[in-house]
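The sequence lines fix the lettering, A, B, ..., with proteins before strands; numbering per chain opens at 1.
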2 protein chains.
Amino acid sequence: MRIGELAARAGTTTRTLRYYEARGLLPARRDGNGHRTYDEDDLRLLRQIRTLQDFGFDLEETRPFVECLRAGHPEGDSCPASLVVYRRKLAELDALIGQLTAVRESVAGQLARAERARDELAVEALAPGGPEPLCELGGRER
Amino acid sequence: MRIGELAARAGTTTRTLRYYEARGLLPARRDGNGHRTYDEDDLRLLRQIRTLQDFGFDLEETRPFVECLRAGHPEGDSCPASLVVYRRKLAELDALIGQLTAVRESVAGQLARAERARDELAVEALAPGGPEPLCELGGRER
DNA sequence: CCTTGCCTTGACGCCGACGTCAACCCCTAC
DNA sequence: GTAGGGGTTGACGTCGGCGTCAAGGCAAGG
């Protein structure tokens, strides 16, 4: 299988495959014309990379998984180095989610405060008489 | 006040201030020497920008807040355009947190599965006799 | 005079994961 | 022949928010 077919079967592009090869992640054999040649095992490696990429793993973080598969193990995460990456990623995700959640609460608080301030100004504009809202709902007599 | 002092008082760098000016976010007056000159209001604008940046807002997203302050409003979020940005950011944060949480669960599941597989292989290695774990804890008779 | 320190503009570097273009080769079909 | 649809390498562009030089100006202090 050549580069175009592999890219299509993995749902990616030839540029990406050449990039992976340049990074030493997915080397390719060559045929007589100098064209890159891949087999089904390469497709497995590539799918492993893509799955992790979709999870937000850096390219370098996929390397242990790829090497694990290439070493003949049944799964990319059958090796201790892959588990280390999993655990590190979990910790990163927890930290990030925690930070984002804190920011989310801050922004929500700011939004609520700003909307309250806006509404109070609106009410003030409707009742230009006095600054204290003392249940003068009639509003006719001064 | 000149650029170095403003940067120091806002906890940022002169490079950053020049960058903001180039983006049209924080223009500066000039003194006789061509040096940038700022006042206390500029410090308020800058602090507004920095606060939002720390929350993860893009620079462009801080623009409504800055313009709101420059228009004379008491707070950067006293204008409807700022509230729109708040709400959009909240939605983005919710979406992102949701995605990250889903990824987190996937990774946790993968890790658990991989660890289970590893442990089963370890047990198998300890009992090379038969593939079925039928309570043969004695392990002495074949 | 010279150094020090602050300022100026301009321009390139960085990071990651590619996209995009240029110029060229190879095989096949018409 | 020639057009088309693969492939090759090389190199620059992208995105944001600056960092980091380089080369020079201007004022105060010794």
Side-chain angles (χ1 to χ4, degrees), chain A residues 1-39 42 45-66 85 88-89 92-93 96 100 103, chain B residues 1-39 42 45-66 85 88-89 92-93 96 100 103:
Chain A
M1 162 175 34
R2 289 186 301 175
I3 193 170
E5 186 183 346
L6 178 61
R9 288 181 63 184
T12 182
T13 69
T14 61
R15 178 67 182 93
T16 296
L17 298 189
R18 279 188 271 261
Y19 178 66
Y20 290 171
E21 181 173 9
R23 306 306 316 273
L25 205 58
L26 192 66
R29 280 113 284 171
R30 302 301 179 110
D31 68 9
N33 289 326
H35 292 177
R36 289 172 178 82
T37 303
Y38 303 90
D39 56 23
D42 291 319
L45 302 190
L46 180 52
R47 287 195 166 134
Q48 172 76 78
I49 297 173
R50 291 269 96 196
T51 298
L52 294 175
Q53 284 272 88
D54 290 344
F55 279 171
F57 284 56
D58 294 343
L59 212 46
E60 276 311 306
E61 292 178 321
T62 73
R63 197 178 292 274
F65 295 80
V66 174
V85 175
R88 190 157 47 81
K89 207 62 184 179
E92 285 175 14
L93 283 168
L96 183 55
L100 289 177
V103 167
Chain B
M1 141 178 52
R2 289 187 301 176
I3 193 170
E5 186 183 347
L6 178 61
R9 288 181 64 184
T12 181
T13 69
T14 61
R15 178 68 184 92
T16 296
L17 298 188
R18 279 188 272 262
Y19 178 66
Y20 290 171
E21 182 174 9
R23 306 305 320 269
L25 205 58
L26 192 67
R29 279 113 285 169
R30 302 302 180 109
D31 67 8
N33 289 326
H35 292 179
R36 291 171 177 82
T37 302
Y38 303 89
D39 56 22
D42 290 319
L45 301 190
L46 180 52
R47 286 194 167 136
Q48 173 74 79
I49 297 172
R50 290 270 97 195
T51 299
L52 294 175
Q53 285 271 88
D54 290 344
F55 280 171
F57 283 55
D58 295 343
L59 255 191
E60 278 310 306
E61 292 178 322
T62 73
R63 197 179 292 273
F65 296 81
V66 175
V85 174
R88 190 157 46 80
K89 207 62 183 180
E92 285 175 15
L93 283 168
L96 183 56
L100 289 177
V103 167

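Atom pair Phe57(B):CZ and dG17(D):P shows a separation of 13 Å (rounding to whole Å applied). Going from atom CG of Leu17(B) over to atom P of dG19(D) covers 10 Å, rounded to whole Å. As rounded to whole Å, 12 Å separates atom P of dG17(D) from atom CG of Leu52(B). Here dG6(D) presents its C1' atom at 14 Å from CZ of Arg36(A), a figure rounded to the nearest Å. In this structure, OH of Tyr20(B) is placed 4 Å from P of dC18(D), rounded to the nearest angstrom. In this entry the distance linking CG of Asp54(B) with P of dC18(D) reads 10 Å, nearest Å.
Phosphate proximity of dC18(D) to Thr13(B): absent, as no side-chain N or O sits under 4.0 Å from OP1 or OP2. Distances shorter than 4.0 Å separate some side-chain N or O of Thr16(B) from OP1 or OP2 on dG19(D). The phosphate of dC26(D) has neither OP1 nor OP2 within less than 4.0 Å of any side-chain N or O from Arg2(B). In this structure, Arg15(A) does not reach the dT9(D) phosphate: none of its side-chain N or O atoms is under 4.0 Å from OP1 or OP2.
Where DNA chain C meets chain A (any atom under 4.0 Å from a heavy atom), the bounding nucleotides read 5' to 3' are dA17(C) to dC27(C).
Separation of atoms CD1 (Ile3(A)) and CG (Asp42(A)) is listed at 11.0 Å; rounding is to 0.5 Å. How far OH of Tyr19(B) is from CG of Leu59(B): 5.5 Å, rounded to the nearest 0.5 Å.
Each end of the helix from dC1(C)-dG30(D) to dC30(C)-dG1(D) gets its own axis from five base pairs, and the two axes differ in direction by 50°, given to 10 degrees.
A donor N or O paired with an acceptor N or O is not found under 3.5 Å between the base of dT9(D) and the side-chain atoms of Arg18(A).
Here the nucleotide nearest the side chain of His35(A), chosen from dG19(D), dG17(D), dG7(D), is dG7(D).
Contact between Glu61(A) and Lys89(A) at its shortest, heavy atoms only, is OE1-NZ, 2.9 Å.
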